[in-house]
Amino acid sequence: MSGNCWLVKSEPDTFSIQDLALRPKQTEGWDGVRNYQARNYLRDGMKKGDPVLFYHSRIRQPAIVGLCSVVREGYPDASAWHRDSAHPDPKSTPENPIWYQVDLRLEIIFKGPVLLENLRKDSQMQEMALLKKGNRLSVMPVSPAHYRRIMEMAGISVLPERNQ
DNA sequence: GCCAACGTTGGC
DNA sequence: GCCAACGTTGGC
């Protein structure tokens, strides 16, 4: 198992990590994503058990605020064809779904969020996709090295990768 | 709240 | 198939 690491963004005014903590089983369907590259990660890339960093965007101090894990792999996002959906897409149907989601379960809320401004200052994080100018992807892979560094900055110890 | 950057749409 | 127009994202 042990697949890739990921990061998802959310505007806390819409859905925060504290909201996730209040959900049944602290689990939420990560629906409403309407970008093809992010869709591909949701549908094909994210595997059960993968760690997923939770990022708060569009606030004064954007930050990685915690960690989730994938508890259900990609399946069709029914919010696309629900009339009351915040992100309707009439082109997507139950017969031919376009958009996909996973289910994420909360694992950790960081005691100290890892601020974007501190990521920018960190010599080991310069190549992270999150920091690239103009990046708008709301679901993205995170390299193991970047993942470990972020957990380190959050003050959380992570076992080194097992050889076998 | 502003605005640059980006992805998508649709006229041609 | 180009590209202008548009809507959205997200740092600041």
Side-chain angles (χ1 to χ4, degrees), chain A residues 4-23 28-46 50-70 74-104 106-143 145-155:
Chain A
N4 297 307
C5 311
W6 307 91
L7 178 143
V8 296
K9 296 177 187 171
S10 188
E11 295 182 26
D13 289 347
T14 304
F15 188 80
S16 69
I17 199 164
Q18 288 77 20
D19 294 326
L20 179 58
L22 296 173
R23 284 289 195 263
E28 178 76 349
W30 207 255
D31 63 5
V33 174
R34 299 291 180 264
N35 168 285
Y36 284 100
Q37 196 177 349
R39 186 280 309 267
N40 293 346
Y41 291 137
L42 291 168
R43 186 188 59 185
D44 310 323
M46 299 173 86
D50 283 358
V52 183
L53 297 161
F54 197 113
Y55 178 83
H56 279 171
S57 68
R58 220 167 196 287
I59 48 176
R60 196 170 58 80
Q61 298 217 79
I64 300 169
V65 292
L67 181 72
C68 315
S69 67
V70 177
Y75 62 101
D77 176 354
S79 75
W81 54 79
H82 284 159
R83 199 179 302 276
D84 59 346
S85 164
H87 304 277
D89 182 358
K91 295 193 298 297
S92 188
T93 65
E95 295 72 31
N96 287 299
I98 296 174
W99 305 112
Y100 283 72
Q101 66 179 87
V102 297
D103 288 353
L104 297 180
L106 180 62
E107 301 292 341
I108 302 171
I109 296 180
F110 294 158
K111 214 172 269 182
V114 179
L115 302 181
L116 178 65
E117 62 182 48
N118 290 336
L119 291 171
R120 289 203 190 284
K121 282 186 233 163
D122 193 276
S123 64
Q124 297 178 43
M125 299 304 297
Q126 295 306 303
E127 295 308 311
M128 192 190 186
L130 180 70
L131 307 186
K132 300 291 182 188
K133 186 175 180 179
N135 170 45
R136 292 170 30 174
L137 255 193
S138 65
V139 180
M140 69 182 79
V142 176
S143 77
H146 286 156
Y147 173 74
R148 282 195 301 273
R149 179 64 182 140
I150 290 161
M151 295 300 272
E152 189 177 34
M153 292 170 79

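Lettering follows sequence order; numbering is per chain, from 1.
- Checking C:dG11, C:dG10, B:dT8 against the side-chain heavy atoms of A:Tyr36 singles out B:dT8 as nearest.
- Counting to the nearest Å, the P atom of C:dT8 and the CG atom of A:Leu137 are 18 Å from each other.
- Here C:dG10 presents its P atom at 14 Å from CG of A:Leu131, a figure rounded to the nearest Å.
- Between A:Trp99 and A:Tyr36, the gap from one ring centroid to the other is short of 6.0 Å.
- Contacts of residues 109-123 of chain A with DNA chain C (heavy atom under 4.0 Å): A:Leu116, A:Arg120.
- In terms of phosphate contacts, A:Tyr55 brings no side-chain nitrogen or oxygen within less than 4.0 Å of OP1 or OP2 of C:dT9.
- For the residue pair A:Asp103 and A:Tyr75, a side-chain donor N or O sits within less than 3.5 Å of a side-chain acceptor on the partner.
- Rounded to whole Å, the distance from CZ on A:Arg34 to C1' on B:dT8 is 14 Å.
- Per the geometry, NE2 belonging to A:His56 stands 12 Å off P belonging to C:dG11, to the nearest Å.
- Atom-to-atom distance recorded for A:Tyr100:OH and A:Asp31:CG is 14.5 Å, nearest 0.5 angstrom.
- Following rounding to the nearest Å, A:Asp89 (CG) and C:dT8 (P) show an atom-to-atom distance of 13 Å.
- Under the 30°/60° scheme for interplanar angles, the aromatic rings of A:Phe15 and A:Trp30 are found to stand perpendicular.
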key: Sequence-aligned protein contact record of nucleotides 2-7 of chain C, with B where the base is within under 4.0 Å of a protein heavy atom and S where only the sugar-phosphate is   = -----B
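- Protein atom CD of A:Gln61 is 18 Å distant from nucleotide atom P of C:dG10, rounded to whole Å.
- As a whole-Å value, the separation of A:Lys133 NZ from C:dT9 C1' is 15 Å.
- The residue among A:Asn135 and A:Lys91 whose nearest nucleotide of DNA chain B is located toward the 5' end is A:Asn135.
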Verdict with reasoning, A:Arg120 to A:Glu117, per salt bridge (charged side-chain N to carboxylate O under 4.0 Å, His left out) = CA-CA 5 Å; A:Arg120 289 203 190 284; A:Glu117 62 182 48; over 6 Å; no
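- Nearest nucleotide to the A:Arg58 side chain, out of B:dT8, C:dT9, B:dT9: C:dT9.
- Rounding to the nearest 0.5 Å places CG of A:Asn135 at 4.0 Å from CE of A:Met140.
- The distance between atom NZ of A:Lys9 and atom C1' of C:dG11, rounded to the nearest whole Å, is 10 Å.
- Only one option out of A:Arg34, A:Arg43, A:Arg39 pairs with A:Asp77 in a side chain to side chain contact (heavy atoms under 4.5 Å, CB included); it is A:Arg34.
- Here the CG atom belonging to A:Leu106 is positioned 12.0 Å from the CZ atom belonging to A:Arg23, to the nearest 0.5 angstrom.
- Counting heavy-atom neighbours within 6.0 Å of A:Gln61 CD, excluding the residue itself, gives a total above 12.
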